[in-house]
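A quick write-up on the structure given underneath.
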Amino acid sequence: MTVNIRIIRAGQMYRYYLRETVVGDVWRPARTPLRAAQEKAGVPVGRWMGRGLGALGLVPGEEVTEAQLRNLFGERGRHPYAGRIDADRLSQGASPQQAFKAGALGPSTSCGRSGTRRPVW
């Protein structure tokens with residue numbers, strides 16, 4: 001048995017999740033599409049589940065994409081469809097800051113020494 005221990009700082013967890021966890025704890029090479037890595041590792045694709053999905057406009061059983069994971073768990077802590085929300089708000093005349101804020105999940109707070117803004121759930 002081999003155990004690797006690493007320090008994972010705030011804002012880096014999603015990278016670990018996308019590179020290893022969602023592909024069955026195998027290292028995912030850079031630039032390898034998520035779905036291809038999951039198929040190679042024999043891991044089924046992620047599916048959205050839970051009672052709160054309707055509040056986010058997500059459909060139970062729908063495939064979870066890499067972009068959605070990056071939005072949700074990444075450094076910005078945004079809605080899985082933040083890109084769509086931003087584009088919709090911008091087309092309605094909102095400023096880039098207003099559009100960005102519309103895709104945020106909850107209020108944010110500073111995290112750690114870097115001052116990175118993180119959502120508070």
Side-chain angles (χ1 to χ4, degrees):
M1 175 203 253
T2 303
V3 176
N4 290 330
I5 298 175
R6 293 185 207 161
I7 295 174
I8 299 176
R9 294 181 176 84
Q12 295 177 332
M13 185 61 195
Y14 81 98
R15 290 185 185 120
Y16 168 77
Y17 188 73
L18 283 173
R19 288 182 185 160
E20 295 185 34
T21 305
V22 297
V23 291
D25 290 330
V26 238
W27 181 255
R28 175 181 160 204
R31 296 186 201 98
T32 303
L34 177 60
R35 188 149 194 193
Q38 288 173 322
E39 287 173 1
K40 183 178 178 182
V43 176
V45 297
R47 303 274 175 201
W48 289 107
M49 297 172 56
R51 293 183 304 192
L53 295 177
L56 293 174
L58 298 168
V59 178
E62 181 181 9
E63 183 177 330
V64 179
T65 68
E66 184 169 357
Q68 290 172 333
L69 287 174
R70 186 168 282 116
N71 282 336
L72 188 60
F73 295 124
E75 296 176 17
R76 296 181 175 181
R78 306 197 66 220
H79 189 284
Y81 288 124
R84 289 184 191 174
I85 294 169
D86 290 353
D88 183 48
R89 297 295 161 87
L90 289 170
S91 71
Q92 295 173 4
S95 71
Q97 294 83 6
Q98 291 169 326
F100 184 85
K101 190 174 182 179
L105 293 175
S108 61
T109 184
S110 290
C111 183
R113 288 180 270 171
S114 68
T116 302
R117 302 297 288 174
R118 303 285 297 172
V120 178
W121 290 296

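Computed from a predicted model, the values in this text were never measured in an experiment. Side chains are part of it too, since the values below use all heavy atoms of this structure and drop only hydrogens, waters and symmetry mates.
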* Would you sort out whether V64 and L69 count as a side-chain contact (heavy atoms from CB on, under 4.5 Å), showing the intermediate values? => CA-CA 7 Å; V64 179; L69 287 174; 3.6 Å; yes
* What do the steps show when you test N71 against H79 for side-chain contact (heavy atoms from CB on, under 4.5 Å), and what is the final call? -> CA-CA 6 Å; N71 282 336; H79 189 284; over 6 Å; no
* Asked: What's the verdict on side-chain contact (heavy atoms from CB on, under 4.5 Å) for T32 and V23, showing C-alpha distance, side-chain angles and the deciding distance?
  -> CA-CA 11 Å; T32 303; V23 291; over 6 Å; no
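The salt bridge (Lys or Arg N to Asp or Glu O under 4.0 Å) pairs that include a residue from residues 53-67 are R28-E66, R35-E63, E66-R70, where partners are two or more places apart or lie in different chains. Among residue pairs with one or both ends in residues 80-95, those qualifying as salt bridge (Lys or Arg N to Asp or Glu O under 4.0 Å) are R78-D86; sequence neighbours excluded.
Summarising the geometry of L53 relative to P60, their closest heavy-atom pair is CD1-CA, 3.6 Å, with the distance given to 0.1 Å. The nearest pair of heavy atoms linking A94 to A99 is CB-N, 4.4 Å.
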All N/O donor-acceptor pairs, side-chain side in residues 38-52, below 3.5 Å, sequence neighbours left out:
from : atom 1 : to  : atom 2 : distance (Å)
Q38  : NE2    : V22 : O      : 3.2
R47  : NH1    : G61 : O      : 3.3
W48  : NE1    : Q68 : OE1    : 3.1

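By the 4.5 Å heavy-atom criterion applied to side chains, Y81 and L58 are counted as neighbours.
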